[in-house]
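Chain letters run A, B, ... following the sequence lines, proteins first and then strands; every chain starts at 1.
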2 protein chains.
Amino acid sequence: MRQAKNRIAELEGILREGGVRVTRQRAAILKILAEAEDHPDASELHRRAKEIDATVSLSTVYRTLSALEQQGVVQRHAFENATARFETADAPHHDHLIDIETGAVIEFRSDKIEQLQAEIAAELGYDLVRHRLELYCRKRKD
Amino acid sequence: MRQAKNRIAELEGILREGGVRVTRQRAAILKILAEAEDHPDASELHRRAKEIDATVSLSTVYRTLSALEQQGVVQRHAFENATARFETADAPHHDHLIDIETGAVIEFRSDKIEQLQAEIAAELGYDLVRHRLELYCRKRKD
DNA sequence: ATGCAAATGAGAACCATTTGCAACTAGCTA
DNA sequence: TAGCTAGTTGCAAATGGTTCTCATTTGCAT
Ligand SMILES: [Mn+2]
Ligand SMILES: [Mn+2]
Ligand SMILES: [Zn+2]
Ligand SMILES: [Zn+2]
């Protein structure tokens, strides 16, 4: 809990630095995001945030997510035919494996792949700015 | 040209096999797709198809693309905040590098990455069904 | 040629996300 | 501490790519 509080305070600090006001609504959304262990979409975040502050509107959730994304505090994912999902951007970079039966999202990281991507871009005369790697899988049955 | 004609005939054959009628509109869309060297979206395909058959409607473009996708003849891509783009699925598998300044799409393939992906899925207890790998890049300036 | 299930065009519907606007309010100022 | 004001909010309407509805047309097997 101490952990989470620090993290939230830190995030709020980043916002204030960026000239973004920390309103009641934004604090609620930020707390939800900081505590989330999954990859909720806007309406799920809305549902959760309302438990903290019932006045939060879906519009504000969207506006806040855009602001947080712009501040680099939140990351947006657009998985295959699904609404956008979000997570805080404080964890080290990772990519995602999506279970196509259950929708479960599993995180992973491959330094080899990360490096290969940069090499490929370089070979083609480009600098890699960001990438998207998603594995759509089915649980192995043996 | 011979090449293209064969390819189109072949694609039409696949459709008939699948019990999908080859209409005037579908033939036009198929021809455009077979000749396309880029990754056009639905409205661009519509624009091009109308030059062959002016009656083609955007609805039919969408419906045809869905049908072709289901037959495995066409592949749909949903790049970062952009409309869906399409290409025939007869070329060997490849992934895409997107120039974030110009929007240009460049194809590439890395057998190493392909293999690593399968390994990662396996390690997590999954079978890789399909994946999405996109590199968002900026032209290197030196 | 005929019959009929499949396909079409036009426009309405969908739906996640964005936006306009009048009422609030965070946070600096005096 | 009260006041000021630009940033923020809730609500509702707008957006825009894509899908759907339905009356009409058409591919194609017989
Ligand atoms: Mn994640
Ligand atoms: Mn391609
Ligand atoms: Zn990665
Ligand atoms: Zn690939």
Task: Electrostatic pair B:Arg48:B:Glu35 at N-O distance under 4.0 angstrom - done: no
TODO: Using heavy atoms to find the nearest nucleotide of DNA chain D for B:Val22 and B:Ala42 separately, return the residue whose nucleotide is more 5′.
DONE: B:Ala42
TODO: First locate atom CG of A:Leu135, then atom CD1 of A:Ile106, and finally report the distance between them rounded to the nearest 0.5 Å.
DONE: 10.0 Å
TODO: Could you tell me the separation between the CG atom of A:Asn81 and the P atom of C:dC15, rounded to a whole number of Å?
DONE: 14 Å
Task: Heavy-atom pair with the smallest gap, counting every atom of A:His131 and B:Tyr136 - done: CA-CD1, 4.2 Å
Task: Beyond-backbone contact of A:Thr55 with A:Arg24, side-chain heavy atoms, under 4.5 angstrom - done: yes
TODO: Would you tell me whether B:His77 and B:Glu134 have side-chain atoms, one donor and one acceptor, within less than 3.5 Å of each other?
DONE: no
Task: Atom-pair distance (CD on A:Glu44; C1' on C:dT17), nearest Å - done: 18 Å
TODO: Establish, with yes or no, whether the OP1 or OP2 oxygen of C:dA6 is under 4.0 angstrom from a side-chain nitrogen or oxygen of B:Thr23.
DONE: no
Open item on the list: Is it the case that C:dA7 (base atoms only) and B:Arg21 (side chain only) share a donor and an acceptor within less than 3.5 Å, ignoring hydrogens and angles?
Closed with: no
Open item on the list: Using OP1 and OP2 only, check whether a side-chain N or O of A:Gln25 sits under 4.0 Å from D:dG10.
Closed with: yes
Task: Contacts of B:Ala89 that satisfy side-chain contact (heavy atoms from CB on, under 4.5 Å) - sequence neighbours left out - done: B:Gln75
Task: Interatomic distance, A:His46 NE2 vs C:dT17 P [rounded to whole Å] - done: 14 Å
Task: Check: A:Arg24 side chain, C:dA26 base, donor-acceptor under 3.5 Å - done: no
Open item on the list: On the nucleotide D:dT9, are OP1 or OP2 found under 4.0 Å from the side-chain N or O atoms that A:Arg26 carries?
Closed with: yes
Open item on the list: Can you list, in residue-number order, the parts of residues 49-76 of chain B that come under 4.0 Å of DNA chain D, counting heavy atoms only?
Closed with: B:Ser59, B:Tyr62, B:Arg63
